[in-house]
Amino acid sequence: MKKYAQLFALVATLFSTQLFAHEYTADSMQIDHPWSREAPPNATVIAGFFQFKNLASKDDFLISASTPIADHVEIHTHEMADGVMKMKKIDSVRIGSMKTVMFEPGGYHLMIFNPKQSYKQGDRFPMTLQFKHAGKVEVELAVEANGHVHAH
């Protein structure tokens with residue numbers, strides 16, 4: 001009986017890892033674990049986070065993003081101005097050749113404006129990422145618990 005319990009635990013662990021881990025590749029751009037945090041039903045913005053790995057011999061740039069679940073999406077970063085950390089809209093993010101760039105809380109992120117509904121932990125929603133060289137990449141953002149911090 002103990003062997004069956006161990007086998008079940010192993011299968012459950014492998015299945016849950018596959019359920020939560022997701023990555024996408026287009027051209028030489030790898031996008032690892034796109035995610036967003038759970039937000040209250042009246043939230044006017046939600047954020048999107050990723051890890052980008054550029055496996056190409058030349059730099060690439062994330063130049064835009066869009067989703068059918070919201071009015072529009074902007075690329076943002078945080079910067080210190082007059083002793084205060086502020087969000088700033090930017091036009092693109094350079095992903096250097098053979099480099100990794102994190103989109104994470106407190107750094108680069110997508111701002112998703114006026115979502116048409118609220119999403120709870122376990123939900124997913126579509127996002128189209130536009131790169132200068134890799135082109136369009138369709139991904140799904142997994143909604144994580146509000147306090148979630150994704151680490152690699």
Side-chain angles (χ1 to χ4, degrees), residues 12-56 58-152:
T13 300
L14 291 173
F15 177 73
S16 66
T17 300
Q18 287 299 320
L19 183 64
F20 293 109
H22 58 289
E23 65 181 46
Y24 303 84
T25 303
D27 197 28
S28 296
M29 186 61 62
Q30 182 178 326
I31 300 112
D32 185 33
H33 192 71
W35 66 281
S36 182
R37 284 190 176 138
E38 196 173 53
N42 60 347
T44 58
V45 294
I46 55 178
F49 308 103
F50 318 81
Q51 175 177 286
F52 295 118
K53 293 179 186 176
N54 182 359
L55 306 175
K58 64 181 175 183
D59 294 353
D60 206 341
F61 298 83
L62 177 66
I63 55 175
S64 68
S66 62
T67 180
I69 67 108
D71 289 346
H72 70 283
V73 179
E74 295 178 355
I75 305 169
H76 280 218
T77 191
H78 283 87
E79 68 176 24
M80 190 65 78
D82 299 323
V84 177
M85 188 65 78
K86 296 182 179 183
M87 277 193 294
K88 177 183 176 186
K89 179 182 182 264
I90 56 177
D91 294 328
S92 66
V93 174
R94 179 180 161 265
I95 301 113
S97 171
M98 306 306 289
K99 300 288 182 188
T100 299
V101 173
M102 294 294 296
F103 273 47
E104 59 191 348
Y108 292 122
H109 59 280
L110 296 180
M111 291 301 300
I112 303 160
F113 290 91
N114 302 312
K116 296 175 182 170
Q117 70 180 66
S118 63
Y119 292 89
K120 300 289 180 211
Q121 182 179 0
D123 291 343
R124 291 179 181 234
F125 60 87
M127 180 72 63
T128 302
L129 304 170
Q130 178 70 50
F131 294 90
K132 183 175 181 180
H133 301 294
K136 286 185 180 180
V137 182
E138 304 289 333
V139 301
E140 281 191 326
L141 278 72
V143 179
E144 306 286 353
N146 192 21
H148 175 78
V149 176
H150 187 70
H152 279 271

Distance, nearest 0.5 Å, that separates [atom1] of [X] from [atom2] of [Y]:
| X | Y | atom1 | atom2 | result |
| --- | --- | --- | --- | --- |
| M80 | M85 | CE | CE | 4.0 Å |
| W35 | Q121 | CH2 | CD | 11.5 Å |
| I63 | Q130 | CD1 | CD | 4.5 Å |

For [X] and [Y], which heavy atoms make the closest approach, and how far apart are they?
| X | Y | answer |
| --- | --- | --- |
| E140 | R124 | OE1-CD, 3.5 Å |
| S64 | I75 | N-CD1, 4.0 Å |
| I90 | V93 | CD1-CG2, 3.6 Å |
| V143 | R37 | CG1-C, 4.0 Å |
| I95 | N54 | O-ND2, 2.8 Å |
| A47 | S36 | O-OG, 2.6 Å |

Worksheet entry | Ring-ring centroid check F131 F52, cutoff 6.0 Å | yes
Worksheet item: Would F103 and F49 count as a close aromatic pair, with their ring centres under 6.0 Å?
Response: no
Could you tell me whether the side chain of [Y] reaches within less than 4.5 Å of the side chain of [X], counting heavy atoms only?
| X | Y | answer |
| --- | --- | --- |
| M127 | V73 | yes |
| Y119 | I69 | yes |
| L141 | F50 | yes |
| S118 | P40 | no |
| L129 | L110 | yes |

Test item: [X] side-chain N/O and [Y] main-chain N/O as donor-acceptor pair under 3.5 Å:
| X | Y | value |
| --- | --- | --- |
| K58 | H133 | no |
| H109 | G107 | yes |
| D60 | A134 | yes |
| D71 | F113 | no |

Fill in: Residues V137, M29; criterion side chain to side chain contact (heavy atoms under 4.5 Å, CB included); working and verdict
CA-CA 9 Å; V137 182; M29 186 61 62; 5.6 Å; no
Worksheet entry | Pairs touching residues 75-100 that satisfy side chain to side chain donor-acceptor pair (under 3.5 Å), sequence neighbours left out | D59-R94, E74-H76
Response to the item:
Partner of N114 under side chain to side chain contact (heavy atoms under 4.5 Å, CB included), picked from I46, V45, T44, is T44
Discussion item. Which residue is it: Q51, E144, E23? I am looking for the one with a side chain to side chain donor-acceptor pair (under 3.5 Å) to H33.
Written reply: E144
Worksheet entry | Contacts of T128 that satisfy side chain to side chain donor-acceptor pair (under 3.5 Å) - sequence neighbours left out | E138
